[in-house]
Participant: 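Got a structure for you, questions after.
Below, read A as the first sequence line, B as the second, and so on, with proteins coming before strands; counting in each chain starts at 1. Being a predicted model, the structure only gives us computed values, none of them experimental.
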There are 2 protein chains.
Amino acid sequence: MNTVAGERETPIYAAIAHPARRRLLDLLAEGDRSVKALAAPFAMSRPAVSQHLKILLDAGLVSERRAGRERLYRLRAERLREVQVWLSRYERFWHDHLAKLGRYLEEEP
Amino acid sequence: MNTVAGERETPIYAAIAHPARRRLLDLLAEGDRSVKALAAPFAMSRPAVSQHLKILLDAGLVSERRAGRERLYRLRAERLREVQVWLSRYERFWHDHLAKLGRYLEEEP
DNA sequence: TTGACTGGTAAGTCATAGCTTACGTATCAT
DNA sequence: ATGATACGTAAGCTATGACTTACCAGTCAA
(Lines give C-alpha, C1' and ligand atoms only; values in the text may rest on other atoms or scores of the structure.)
Protein backbone atom coordinates (compact mmCIF):
# COMPACT_ATOMS: atom_id res chain seq x y z
CA MET A 1 0.00 0.00 0.00
CA ASN A 2 1.75 3.10 -1.20
CA THR A 3 0.75 6.58 -0.22
CA VAL A 4 -0.67 9.07 -2.63
CA ALA A 5 1.80 11.92 -2.78
CA GLY A 6 0.89 15.53 -2.13
CA GLU A 7 -2.51 14.87 -0.65
CA ARG A 8 -3.21 18.43 0.45
CA GLU A 9 -6.88 18.89 0.96
CA THR A 10 -8.94 21.75 -0.35
CA PRO A 11 -11.91 22.77 1.78
CA ILE A 12 -13.80 23.91 -1.31
CA TYR A 13 -15.31 20.59 -2.33
CA ALA A 14 -16.53 19.94 1.19
CA ALA A 15 -17.90 23.47 1.32
CA ILE A 16 -20.09 23.00 -1.73
CA ALA A 17 -21.13 19.50 -0.71
CA HIS A 18 -23.99 20.77 1.41
CA PRO A 19 -27.11 21.93 -0.47
CA ALA A 20 -27.71 24.79 1.93
CA ARG A 21 -24.26 26.19 1.23
CA ARG A 22 -24.72 25.93 -2.52
CA ARG A 23 -28.00 27.78 -2.08
CA LEU A 24 -26.23 30.46 -0.07
CA LEU A 25 -23.75 30.93 -2.88
CA ASP A 26 -26.63 31.14 -5.33
CA LEU A 27 -28.24 33.87 -3.25
CA LEU A 28 -24.96 35.76 -3.01
CA ALA A 29 -24.53 35.58 -6.76
CA GLU A 30 -27.34 38.11 -6.95
CA GLY A 31 -25.48 40.54 -4.74
CA ASP A 32 -24.21 41.14 -1.23
CA ARG A 33 -26.57 40.10 1.52
CA SER A 34 -26.90 40.35 5.28
CA VAL A 35 -27.10 37.22 7.39
CA LYS A 36 -30.73 37.92 8.10
CA ALA A 37 -31.55 38.14 4.42
CA LEU A 38 -29.55 35.00 3.71
CA ALA A 39 -31.22 33.05 6.50
CA ALA A 40 -34.76 34.01 5.54
CA PRO A 41 -35.39 31.33 2.88
CA PHE A 42 -34.17 28.50 5.08
CA ALA A 43 -36.06 26.32 7.50
CA MET A 44 -33.04 26.09 9.78
CA SER A 45 -32.18 28.53 12.56
CA ARG A 46 -30.10 31.64 11.97
CA PRO A 47 -27.12 30.36 13.95
CA ALA A 48 -27.08 27.32 11.70
CA VAL A 49 -26.86 29.62 8.70
CA SER A 50 -24.06 31.54 10.42
CA GLN A 51 -22.18 28.29 10.82
CA HIS A 52 -22.60 27.48 7.16
CA LEU A 53 -21.36 30.96 6.30
CA LYS A 54 -18.28 30.38 8.42
CA ILE A 55 -17.48 27.27 6.44
CA LEU A 56 -17.85 29.22 3.21
CA LEU A 57 -15.68 31.95 4.69
CA ASP A 58 -12.94 29.54 5.72
CA ALA A 59 -13.01 28.05 2.23
CA GLY A 60 -12.55 31.53 0.81
CA LEU A 61 -15.79 31.33 -1.11
CA VAL A 62 -17.23 34.42 0.53
CA SER A 63 -15.91 37.49 2.28
CA GLU A 64 -17.54 39.53 4.98
CA ARG A 65 -17.66 43.19 5.91
CA ARG A 66 -19.43 45.01 8.67
CA ALA A 67 -21.99 47.68 7.97
CA GLY A 68 -23.58 49.06 11.11
CA ARG A 69 -24.99 46.16 12.99
CA GLU A 70 -25.20 44.03 9.91
CA ARG A 71 -22.55 41.88 8.30
CA LEU A 72 -22.65 41.79 4.58
CA TYR A 73 -21.41 38.72 2.82
CA ARG A 74 -20.01 38.84 -0.66
CA LEU A 75 -19.41 36.03 -3.11
CA ARG A 76 -15.81 35.22 -4.03
CA ALA A 77 -16.62 33.09 -7.02
CA GLU A 78 -13.06 32.95 -8.33
CA ARG A 79 -12.36 30.24 -5.78
CA LEU A 80 -14.82 28.01 -7.59
CA ARG A 81 -12.56 28.04 -10.56
CA GLU A 82 -10.46 25.33 -9.01
CA VAL A 83 -13.45 23.01 -9.20
CA GLN A 84 -14.08 23.96 -12.79
CA VAL A 85 -10.48 23.23 -13.67
CA TRP A 86 -10.76 19.79 -12.13
CA LEU A 87 -14.03 19.18 -13.97
CA SER A 88 -12.55 20.27 -17.26
CA ARG A 89 -10.54 17.06 -17.32
CA TYR A 90 -13.83 15.21 -17.73
CA GLU A 91 -15.48 17.47 -20.26
CA ARG A 92 -14.24 15.34 -23.12
CA PHE A 93 -16.43 12.51 -21.89
CA TRP A 94 -19.57 14.39 -22.81
CA HIS A 95 -18.24 16.75 -25.46
CA ASP A 96 -15.90 14.66 -27.50
CA HIS A 97 -17.73 12.19 -29.72
CA LEU A 98 -14.50 10.57 -30.78
CA ALA A 99 -13.72 9.73 -27.21
CA LYS A 100 -17.12 8.12 -26.89
CA LEU A 101 -16.49 6.10 -30.01
CA GLY A 102 -13.10 5.09 -28.72
CA ARG A 103 -14.58 3.85 -25.48
CA TYR A 104 -17.28 2.00 -27.38
CA LEU A 105 -14.72 0.23 -29.51
CA GLU A 106 -12.76 -0.65 -26.42
CA GLU A 107 -15.66 -2.48 -24.81
CA GLU A 108 -16.64 -4.28 -28.07
CA PRO A 109 -13.45 -5.86 -29.35
CA MET B 1 -38.38 31.19 8.42
CA ASN B 2 -39.71 29.89 5.15
CA THR B 3 -38.71 26.59 3.66
CA VAL B 4 -36.71 26.28 0.51
CA ALA B 5 -38.90 24.43 -1.95
CA GLY B 6 -37.87 21.30 -3.79
CA GLU B 7 -34.80 20.54 -1.72
CA ARG B 8 -33.96 17.30 -3.53
CA GLU B 9 -30.44 16.34 -2.65
CA THR B 10 -27.96 15.04 -5.16
CA PRO B 11 -25.36 12.61 -3.85
CA ILE B 12 -22.87 13.81 -6.42
CA TYR B 13 -21.45 16.78 -4.55
CA ALA B 14 -20.95 14.69 -1.43
CA ALA B 15 -19.36 11.98 -3.54
CA ILE B 16 -16.70 14.29 -4.93
CA ALA B 17 -16.14 16.00 -1.58
CA HIS B 18 -13.61 13.40 -0.47
CA PRO B 19 -10.12 13.66 -2.01
CA ALA B 20 -9.76 9.89 -2.23
CA ARG B 21 -12.90 9.64 -4.32
CA ARG B 22 -11.79 12.39 -6.66
CA ARG B 23 -8.51 10.55 -7.03
CA LEU B 24 -10.40 7.36 -7.83
CA LEU B 25 -12.27 9.17 -10.57
CA ASP B 26 -8.98 10.51 -11.88
CA LEU B 27 -7.58 7.00 -12.05
CA LEU B 28 -10.69 5.73 -13.80
CA ALA B 29 -10.44 8.51 -16.35
CA GLU B 30 -7.42 6.63 -17.71
CA GLY B 31 -9.47 3.49 -18.23
CA ASP B 32 -11.31 0.72 -16.44
CA ARG B 33 -9.58 -0.65 -13.38
CA SER B 34 -9.93 -3.48 -10.89
CA VAL B 35 -10.37 -2.74 -7.22
CA LYS B 36 -6.90 -3.98 -6.51
CA ALA B 37 -5.41 -1.63 -9.07
CA LEU B 38 -7.49 1.24 -7.75
CA ALA B 39 -6.52 0.57 -4.15
CA ALA B 40 -2.80 0.29 -4.82
CA PRO B 41 -1.89 4.00 -4.67
CA PHE B 42 -3.72 4.58 -1.41
CA ALA B 43 -2.50 4.30 2.15
CA MET B 44 -5.89 3.09 3.32
CA SER B 45 -7.07 -0.51 3.40
CA ARG B 46 -8.75 -2.18 0.44
CA PRO B 47 -12.15 -2.40 2.18
CA ALA B 48 -12.00 1.34 2.69
CA VAL B 49 -11.48 1.79 -1.03
CA SER B 50 -14.39 -0.57 -1.67
CA GLN B 51 -16.56 1.62 0.49
CA HIS B 52 -15.52 4.71 -1.42
CA LEU B 53 -16.31 2.91 -4.66
CA LYS B 54 -19.75 2.07 -3.37
CA ILE B 55 -20.42 5.74 -2.71
CA LEU B 56 -19.32 6.57 -6.24
CA LEU B 57 -21.50 3.74 -7.53
CA ASP B 58 -24.56 4.96 -5.65
CA ALA B 59 -23.96 8.44 -7.01
CA GLY B 60 -23.88 6.97 -10.51
CA LEU B 61 -20.36 8.23 -11.10
CA VAL B 62 -19.00 4.77 -11.85
CA SER B 63 -20.37 1.46 -13.01
CA GLU B 64 -19.11 -2.00 -12.27
CA ARG B 65 -18.87 -5.26 -14.15
CA ARG B 66 -17.49 -8.61 -13.19
CA ALA B 67 -14.62 -10.20 -15.04
CA GLY B 68 -13.51 -13.49 -13.56
CA ARG B 69 -12.68 -12.86 -9.96
CA GLU B 70 -12.13 -9.20 -10.56
CA ARG B 71 -14.62 -6.37 -10.65
CA LEU B 72 -13.85 -3.71 -13.17
CA TYR B 73 -14.99 -0.20 -12.47
CA ARG B 74 -15.72 2.27 -15.22
CA LEU B 75 -16.07 6.01 -15.07
CA ARG B 76 -19.51 7.49 -15.79
CA ALA B 77 -18.33 11.03 -16.25
CA GLU B 78 -21.59 12.29 -17.72
CA ARG B 79 -22.96 12.50 -14.21
CA LEU B 80 -20.39 15.19 -13.46
CA ARG B 81 -22.06 17.40 -15.97
CA GLU B 82 -24.62 18.41 -13.38
CA VAL B 83 -21.83 19.98 -11.35
CA GLN B 84 -20.48 21.75 -14.39
CA VAL B 85 -23.90 23.17 -15.15
CA TRP B 86 -24.16 24.56 -11.65
CA LEU B 87 -20.66 26.00 -11.89
CA SER B 88 -21.42 27.64 -15.21
CA ARG B 89 -23.60 30.12 -13.37
CA TYR B 90 -20.45 31.48 -11.76
CA GLU B 91 -18.19 31.53 -14.78
CA ARG B 92 -19.01 35.14 -15.50
CA PHE B 93 -17.38 36.15 -12.24
CA TRP B 94 -13.93 35.16 -13.34
CA HIS B 95 -14.51 35.89 -16.98
CA ASP B 96 -15.43 39.43 -15.98
CA HIS B 97 -12.31 39.68 -13.90
CA LEU B 98 -10.17 38.46 -16.77
CA ALA B 99 -11.82 40.85 -19.19
CA LYS B 100 -11.23 43.73 -16.80
CA LEU B 101 -7.63 42.68 -16.34
CA GLY B 102 -7.18 42.48 -20.10
CA ARG B 103 -8.51 45.97 -20.60
CA TYR B 104 -6.37 47.26 -17.78
CA LEU B 105 -3.27 45.79 -19.33
CA GLU B 106 -4.13 47.31 -22.69
CA GLU B 107 -4.53 50.75 -21.16
CA GLU B 108 -1.26 50.49 -19.24
CA PRO B 109 1.36 49.14 -21.60
C1' DT C 1 -9.67 -30.77 -4.02
C1' DT C 2 -6.82 -27.54 -1.93
C1' DG C 3 -5.04 -23.23 -1.58
C1' DA C 4 -4.23 -18.60 -3.18
C1' DC C 5 -6.57 -14.40 -5.04
C1' DT C 6 -10.18 -10.81 -5.55
C1' DG C 7 -13.39 -8.25 -3.44
C1' DG C 8 -17.86 -7.34 -0.90
C1' DT C 9 -19.84 -6.72 3.72
C1' DA C 10 -20.56 -6.75 8.83
C1' DA C 11 -19.24 -4.95 13.20
C1' DG C 12 -17.10 -1.79 15.97
C1' DT C 13 -14.54 2.59 16.98
C1' DC C 14 -13.65 7.48 16.67
C1' DA C 15 -14.09 11.96 14.96
C1' DT C 16 -16.78 15.41 13.18
C1' DA C 17 -20.87 17.52 10.64
C1' DG C 18 -25.01 19.66 11.47
C1' DC C 19 -28.30 21.04 14.06
C1' DT C 20 -30.46 23.15 18.44
C1' DT C 21 -30.90 26.60 22.50
C1' DA C 22 -28.67 29.90 25.35
C1' DC C 23 -25.97 33.67 25.78
C1' DG C 24 -22.78 37.65 24.89
C1' DT C 25 -21.66 41.83 22.21
C1' DA C 26 -22.08 45.62 19.21
C1' DT C 27 -25.21 48.91 17.04
C1' DC C 28 -29.17 51.70 16.48
C1' DA C 29 -33.59 53.96 17.87
C1' DT C 30 -36.33 56.26 21.35
C1' DA D 1 -30.27 54.86 29.51
C1' DT D 2 -33.21 51.33 27.78
C1' DG D 3 -34.75 48.23 24.73
C1' DA D 4 -34.72 46.11 20.28
C1' DT D 5 -32.04 44.35 16.46
C1' DA D 6 -28.22 41.74 14.10
C1' DC D 7 -24.98 38.53 14.65
C1' DG D 8 -21.32 35.40 16.40
C1' DT D 9 -20.15 31.66 19.43
C1' DA D 10 -20.32 28.17 23.10
C1' DA D 11 -22.36 23.95 24.72
C1' DG D 12 -24.60 19.88 23.95
C1' DC D 13 -26.92 16.32 21.35
C1' DT D 14 -27.47 13.01 17.49
C1' DA D 15 -26.41 11.13 13.22
C1' DT D 16 -23.22 9.72 10.16
C1' DG D 17 -18.63 9.51 7.66
C1' DA D 18 -14.35 7.23 7.49
C1' DC D 19 -11.71 4.12 8.88
C1' DT D 20 -10.22 -0.63 10.92
C1' DT D 21 -10.23 -5.96 11.37
C1' DA D 22 -12.67 -10.16 10.68
C1' DC D 23 -15.11 -12.91 7.84
C1' DC D 24 -17.48 -14.68 3.70
C1' DA D 25 -18.24 -16.05 -1.21
C1' DG D 26 -16.72 -16.66 -5.79
C1' DT D 27 -12.90 -17.72 -9.09
C1' DC D 28 -8.72 -19.68 -10.73
C1' DA D 29 -4.52 -22.58 -10.70
C1' DA D 30 -2.05 -26.70 -8.95
Participant: Nearest whole angstrom, please: distance from the P of D:dT27 to the CD of B:E70.
Facilitator: 13 Å
Participant: Send over the distance from B:D58 CG to D:dG17 C1', rounded to a whole Å.
Facilitator: 14 Å
Participant: Check the phosphate of D:dA6 against A:Y73, side-chain N and O only, distance under 4.0 Å to OP1 or OP2. Yes or no?
Facilitator: no
Participant: So, B:D58 and B:K54, do they make that salt bridge, N to O below 4.0 Å?
Facilitator: yes
Participant: Is the shortest heavy-atom distance from the side chain of B:Y90 to the side chain of A:L75 under 4.5 Å?
Facilitator: yes
Participant: Just grab all the ring-ring contact (aromatic ring centres under 6.0 Å, His included) pairs involving residues 56-80 of chain A, residues at least two apart or on different chains.
Facilitator: none
Participant: Over how many whole Å does the gap from B:R71 atom CZ to D:dC24 atom P extend?
Facilitator: 17 Å
Participant: What is the distance, to the nearest angstrom, from the CG atom on A:L38 to the P atom on D:dG8?
Facilitator: 10 Å
Participant: Can you tell me how far apart CG (A:L87) and CZ (B:R22) are? Round to the nearest 0.5 Å.
Facilitator: 10.5 Å
Participant: Using whole Å, what does the distance between atom C1' of nucleotide D:dT9 and atom NE2 of A:H52 come to?
Facilitator: 15 Å
Participant: Can you tell if the side chain of A:Y13 reaches within under 4.5 Å of the side chain of A:W86, non-hydrogen atoms only?
Facilitator: yes
Participant: Anything under 4.0 Å to a heavy atom of chain B counts; send over the first and last such nucleotide of DNA chain C, read 5' to 3'.
Facilitator: C:dA4 to C:dA10
Participant: Nearest whole angstrom, please: distance from the P of D:dA18 to the CD1 of B:I16.
Facilitator: 13 Å
Participant: What is the separation between atom CG on A:L72 and atom C1' on D:dA6, rounded to the nearest whole Å?
Facilitator: 11 Å
Participant: Side chain of A:R69 only, please: which of D:dC7, D:dT5, D:dG8 is the nearest?
Facilitator: D:dT5
Participant: Nearest nucleotide by nearest heavy atom, which residue falls closer to the 5' end of DNA chain C, B:E64 or A:R21?
Facilitator: B:E64
Participant: Just verifying a value: how many Å separate A:E78 CD and A:L61 CG, rounded to the nearest 0.5 Å?
Facilitator: 9.5 Å
Participant: For D:dT20 and B:S45 - does any side-chain N or O of the residue sit under 4.0 Å from the phosphate oxygens OP1/OP2?
Facilitator: yes
Participant: Could you check whether any side-chain heavy atom of B:V35 comes within less than 4.5 Å of a side-chain heavy atom of B:E70, counting everything from C-beta outward?
Facilitator: no
Participant: For A:K36 and D:dG8, give me the distance from atom NZ to atom P, rounded to whole Å.
Facilitator: 14 Å
